[in-house]
**Q** 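Here it is, the structure in full.
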Amino acid sequence: MLQIDSLCIEFRQERARVAAVRDVSLALAPGECVGVVGESGSGKTQTFLAAMGLLGRNALVSGSIRFEGRELLAAATSELNRVRGARLAMIFQDPMTSLTPHLTVGVQMAEVLVCHAGLSWTAAKRKALDMLQTVRIADAARRMRQYPHELSGGMRQRVMIGMSLLCEPALVIADEPTSALDATIHVQVIELLAAMRREFRMAIALISHDLGAVHALADRVVVMYAGRVVECAPATAIFAHPRHPYTAELLRCAPNLSAARLNRMPSITGQPPDPAEVLPGCAFAARCARADARCRIERPLLVQSGGAAQAACHHPL
Ligand SMILES: Nc1ncnc2c1ncn2[C@@H]1O[C@H](COP(=O)(O)OP(=O)(O)OP(=O)(O)O)[C@@H](O)[C@H]1O
Ligand code: SF4
Ligand SMILES: [Mg+2]
């Protein structure tokens, strides 16, 4: 359904070009939930913003992103607008920035249906109200008449999730959907996403620092490091037996994974390389206990590494 091939994203800056995403390929099947993890700055958000046509103006993009058979990178804005919000929806970390502050919840939800599904305002408002109930908002009729700032953070995120589902999209991209929420609300939002996934059968790309959430929701996990995919494997396999030393470090630093209460990316020793720097070998070499001379000169390619797992490492675990 979504097929990203050889995606490269660079940003023009005053003196240099910064490579944020380097040759990323990944795919999502209908109904599948893929977790995308990796340290801050590893290129997770930019990869999916490219699919939404929402990259910064200074971005240079190459490669291909096909969604339901259509090439999105070459698509005109009018075509992207048809796909965005209807077949492809995105939920952001901070719903306050994606909700319109001067429109009531009811009006902005109904507007989505009027614009994308051609419903009348009356029918759209009815469906918006149903959706608020579906995403477990109590007293939904009153909430419809309120403005986003009158709702709590958790409630706004539920509204965002509801809004993203209004047109029954085939794919929802959830970018850190819980990181602005406190721990109890956070668990509720993940449970809501799981329930919505069962109900609407959409695919989810869950970009998250929260390995607990990824563990709870994802069928497959993609690990990114310094703009590249370094490991991709079924969730059960990756949590039981990570192949890439970077993935193993992430999991080692997250001992309470089964408690599913982690809400930040565990920090491992050292820093990722400067994105403006071009390294000949493995980008993880400076932080890797298994690194040898080969790792420093030859970049490992993403290859099959036991079962259905793929890892980009000369010495996988
Ligand atoms: N408009 C821009 N101009 C220059 N660099 C940018 C721009 N937008 C993003 N970047 C850079 O692209 C890189 C990848 O960013 P991205 O937002 O994809 O990271 P991320 O993996 O989502 O991190 P986080 O976990 O912090 O959200 C970062 O180094 C970031 O600074
Ligand atoms: S290629 Fe070498 S440096 Fe990179 S992760 Fe594998 S062992 Fe470590
Ligand atoms: Mg991000």
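All values below come from the heavy atoms of this structure, side chains included, with hydrogens, waters and symmetry mates left out. In this chain, residues are counted from 1 in sequence order. Just so you know, ligand 1 is whichever comes first in the structure, and atom 1 is the first atom listed for that ligand.
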**Q** Look at the aromatic rings of H149 and Y147 and report parallel, tilted or perpendicular, splitting at 30° and 60°.
**A** parallel

**Q** Under 4.0 Å from atom 30 (C) of ligand 1, is there at least one protein heavy atom?
**A**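 Given the 4.0 Å limit, the answer for atom 30 (C) of ligand 1 is no, no protein heavy atom qualifies.
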
**Q** Below 3.5 Å, N or O to N or O, backbone or side chain included: is there any such pair between A20 and ligand 1?
**A**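 Among all N and O atoms of A20, none is under 3.5 Å from an N or O of ligand 1.
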
**Q** Looking at atom 6 (Fe) of ligand 2, is one of the N, O or S atoms of C288 less than 2.8 Å from it?
**A** no

**Q** Give yes or no for whether the N/O distance cutoff of 3.5 Å, strictly under, is met between G56 and ligand 1.
**A**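 Such a contact does not occur with ligand 1.
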
**Q** Mind checking whether S42 has an N or O less than 3.5 Å away from an N or O of ligand 1?
**A**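 Among all N and O atoms of S42, at least one is under 3.5 Å from an N or O of ligand 1.
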
**Q** Show me which atoms of ligand 1 lie under 4.0 Å from any heavy atom of N58.
**A** 1 (N), 2 (C), 3 (N), 4 (C)

**Q** Within the structure, is a non-hydrogen atom of H244 found at a distance of less than 4.0 Å from ligand 2?
**A** yes

**Q** Between D292 and H314, do the side chains contain an N or O donor and an N or O acceptor separated by less than 3.5 Å?
**A** no

**Q** Does this structure show an ion pair linking E39 with R287, if we count only N-O contacts that are shorter than 4.0 Å?
**A**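 Answer for the salt bridge query: yes.
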
**Q** Can you list the atoms of ligand 1 that are under 4.0 Å from a heavy atom of H209?
**A**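 Taking each heavy atom of H209 in turn, ligand 1 has 25 (O) under 4.0 Å.
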
**Q** Of the protein's non-hydrogen atoms, which lies at the shortest distance from atom 4 (Fe) of ligand 2, and what is that distance?
**A**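 Going atom by atom, the protein heavy atom closest to atom 4 (Fe) of ligand 2 ends up being C282 SG, 2.3 Å.
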
**Q** May I ask you to identify the nearest protein heavy atom to atom 6 (Fe) of ligand 2, giving residue, atom name and distance to one decimal place in Å?
**A**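 Ranking protein heavy atoms by distance from atom 6 (Fe) of ligand 2, first comes C313 SG, 2.2 Å.
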
**Q** Please could you name the atoms of ligand 2 that H314 approaches to less than 4.0 Å, counting only its heavy atoms?
**A**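 What qualifies from ligand 2 is 1 (S), 6 (Fe).
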
